[in-house]
Amino acid sequence: MPELPEVETVARDLRRAHLPGQTFTGVHLFWARTVACPDETSFRARLTGQTVETVTRRGKFLRLDLSGAETLLIHLRMTGRLYLAPASEAAMPHLRLSFDLGDGRQLRFHDMRKFGRVYLTADPDSILGKLGPEPLDETFRVDDLQNLLAGRKMMLKPLLLDQRFIAGIGNIYADEALFLAGLHPQRHANTLSPDEGAALFHALRRVLTLALENRGTTLDDYRTVTGKPGENQDSLLVFRQTGQPCPRCGRPIERLVVGGRGTHICPHCQPPGEGG
DNA sequence: AGTTTAACCTCGATGC
DNA sequence: TGCATCGA
DNA sequence: GTTAAAC
């Protein structure tokens, strides 16, 4: 499940592989719904001949700014992958969309479950503008998170997964951060003390930074642009560690469902609050 | 309003 | 082995 | 992972 560290790793890999500077010379669409907008005809027409200027990330979106004042946004959802390959190389299964590049390579979008989406728009802010703050941005401070938490009575876990609240957090890093902060996922945000809010802030930073250094977490499908798995899976403390001893107190990790998502906690280190 | 369920899809693991 | 179910 | 519909 590509979250902030995984998407950031892909963005960096694409830059390192010199995608910026390349021109799109052709488009091949194998699963129509992969292109969310515009329609296939104008997608192809508006993209062909354009040059990639920058490759960046916002939340879980990959952002390619193009020469003609247009932007290509790519969201990998659950199983999306991006590869760069010579056009001569045989296609792997689940290829949904590919772009011919001017140097003979292709940018290929694979997606087993077909949930991934690509948007071509002259107004990327109409999509990205809904996202909450970037948790690793230097301008995002402890008191920012504390203020955001104070105004919400939602449970912590669904709130962390809400991209309008904070951008880039998914199931893995929500569970990991809540464990590090010693907070139960069903605690309500506006019941946190200032210290608990600060703990969550630092836990998020730590978890995301470590995962980024490890080039992402590969549990199922995530791969880097070179096809290699990430290395953060060995650093997970609670996610999918049901029954394993808590690294802090040794009691078995438990799995529960919160907001429809599988959730992993140490029931001793993350006690439920009053009325939680 | 807040929370859960279902939908979108395919596939591997699990169980009978 | 084959088929249904479950969950990612 | 995201979104819309249903408690």
Side-chain angles (χ1 to χ4, degrees), chain A residues 1-11 29-37 57-63 73-82 91-97 109-119 121 124 126-132 135 148-177 184-191 208 211 216-223 229-230 232-233 236 238-243 253-264 272-273 275-276:
Chain A
M1 329 156 172
E3 307 178 28
L4 185 156
E6 288 76 23
V7 181
E8 180 65 32
T9 298
V10 170
L29 182 58
F30 306 105
W31 181 254
R33 297 178 64 174
T34 297
V35 175
C37 66
R57 176 198 60 78
R58 175 77 171 96
K60 298 174 192 172
F61 286 89
L62 203 64
R63 171 176 181 156
L73 296 175
I74 303 175
H75 199 302
L76 303 173
R77 296 282 183 96
M78 292 286 269
T79 58
R81 299 176 179 181
L82 282 173
M92 306 255 296
H94 313 305
L95 181 63
R96 308 302 181 202
L97 173 67
F109 183 73
H110 294 250
D111 187 14
M112 183 177 74
R113 294 181 68 181
K114 300 177 176 173
F115 292 163
R117 292 293 180 266
V118 169
Y119 312 75
T121 172
S126 65
I127 296 171
L128 302 178
K130 299 167 187 165
L131 296 174
L148 287 177
L149 289 168
R152 306 294 220 102
K153 63 178 185 179
M154 252 198 273
M155 294 186 290
L156 289 175
K157 170 118 183 199
L159 195 56
L160 289 175
L161 294 180
D162 185 345
Q163 301 300 298
R164 296 166 303 186
F165 178 75
I166 188 167
I169 310 295
N171 212 23
I172 298 175
Y173 303 116
D175 281 9
E176 292 292 300
H184 193 283
Q186 289 176 311
R187 286 280 302 278
H188 294 274
N190 59 8
T191 69
L208 294 173
T217 301
T218 296
L219 262 31
D220 301 297
D221 303 285
Y222 164 71
R223 294 292 184 282
N232 195 60
Q233 49 277 14
L236 296 180
V238 292
F239 191 77
R240 290 209 207 163
Q241 306 297 313
T242 310
I253 301 299
E254 288 180 8
R255 180 186 184 274
L256 49 151
V257 175
V258 180
R261 306 298 302 275
T263 300
H264 311 76

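Proteins get letters first, then strands, A, B, ... in listed order; numbering begins at 1 in each. Quick caveat, the model's predicted, so the values are computed rather than measured.
Distances shown here put every side-chain N or O of A:Q163 at or beyond 4.0 Å from the OP1 or OP2 atom of D:dG1. For B:dC8, neither phosphate oxygen OP1 nor OP2 lies less than 4.0 angstrom from any side-chain nitrogen or oxygen of A:K114. Between A:H188 and B:dG2 there is no side-chain polar atom (N or O) within less than 4.0 angstrom of OP1 or OP2. Proximity of A:H75 to the phosphate of D:dG1: no side-chain N or O atom is located under 4.0 Å from OP1 or OP2. Look at A:R117 and you won't find any side-chain N or O under 4.0 angstrom from OP1 or OP2 of B:dC9.
On the C1' atoms, C:dG2 is 23 Å away from B:dC9, given to the nearest whole Å. Across C:dC3 and B:dC8, the matching P atoms stand 25 Å from one another, rounded to whole Å.
Distance from the side chain of A:M155 is smallest for B:dT4 among the nucleotides B:dG2, B:dC9, B:dT4. Listed nucleotides: B:dC8, B:dT10, D:dG1. Nearest to the side chain of A:R33: B:dC8. For A:M112, the listed nucleotide lying nearest its side chain is B:dT10; candidates were B:dT10, D:dT2, C:dA8. Minimum atom distance to the side chain of A:R240 is reached by C:dA8, of the listed C:dA8, B:dG2, D:dG1. Closest to the side chain of A:W31, from the set D:dG1, C:dA8, B:dC9, is B:dC9. Which of D:dT2, B:dC9, B:dA1 sits closest to the side chain of A:F115 comes down to B:dC9. Closest to the side chain of A:K60, from the set D:dG1, B:dA1, B:dC11, is D:dG1.
Counting to the nearest Å, the C1' atom of B:dC9 and the NE2 atom of A:H94 are 11 Å from each other. In this structure, the CG atom of A:L161 is 10 Å from the C1' atom of D:dG1, given to the nearest Å. Rounded to whole angstrom, the span from the CD1 atom of A:I172 across to the P atom of C:dA8 amounts to 11 Å. Here the P atom of nucleotide D:dG1 and the CG atom of A:L4 are 12 Å apart, to the nearest Å. Atom P of nucleotide C:dA8 and atom CD of A:Q241 are separated by 14 Å, given to the nearest angstrom. For the pair A:L219 CG and B:dC11 C1', the computed distance is 16 Å after rounding to whole Å. Distance, A:D220 CG to C:dC6 C1': 14 Å, rounded to whole Å. A:F165 has its CZ atom 19 Å from the C1' atom of D:dG1, to the nearest Å.
In this structure, A:P185 and A:D175 have side chains that are not in contact, with every pair of non-hydrogen atoms separated by 4.5 Å or more. Using a 4.5 Å heavy-atom cutoff, the side chains of A:V238 and A:E176 are in contact. Put simply, the side chain of A:N232 does not reach to within 4.5 Å of the side chain of A:P5, judged on heavy atoms. When side chains are defined from C-beta on, A:L76 counts as touching A:F109, because their heavy atoms get closer than 4.5 Å.
In this model, no donor atom of one side chain and acceptor atom of the other lie less than 3.5 Å apart for A:Y222 and A:Q233.
Checking A:R96 against A:G260, the closest nucleotide of DNA chain B that is more toward the 5' end is the one next to A:G260.
Within the 4.0 angstrom heavy-atom criterion, only backbone atoms of the sugar-phosphate kind lie near A:G170; the bases stay farther away. Using a 4.0 Å heavy-atom distance criterion, A:D221 is classed as making no nucleic acid contact. Residue A:M78 is in base contact, counting any heavy-atom pair closer than 4.0 Å across all strands shown. Among the protein residues, A:R152 comes within range of no part of the nucleic acid, since none of its heavy atoms lies under 4.0 Å from any strand.
Atom CD1 of A:I172 and atom NE2 of A:H264 lie 10.0 Å apart (nearest 0.5 Å).
In summary, A:R113 and A:D220 do not engage in a salt bridge, as defined by a charged side-chain N under 4.0 Å from a carboxylate O.
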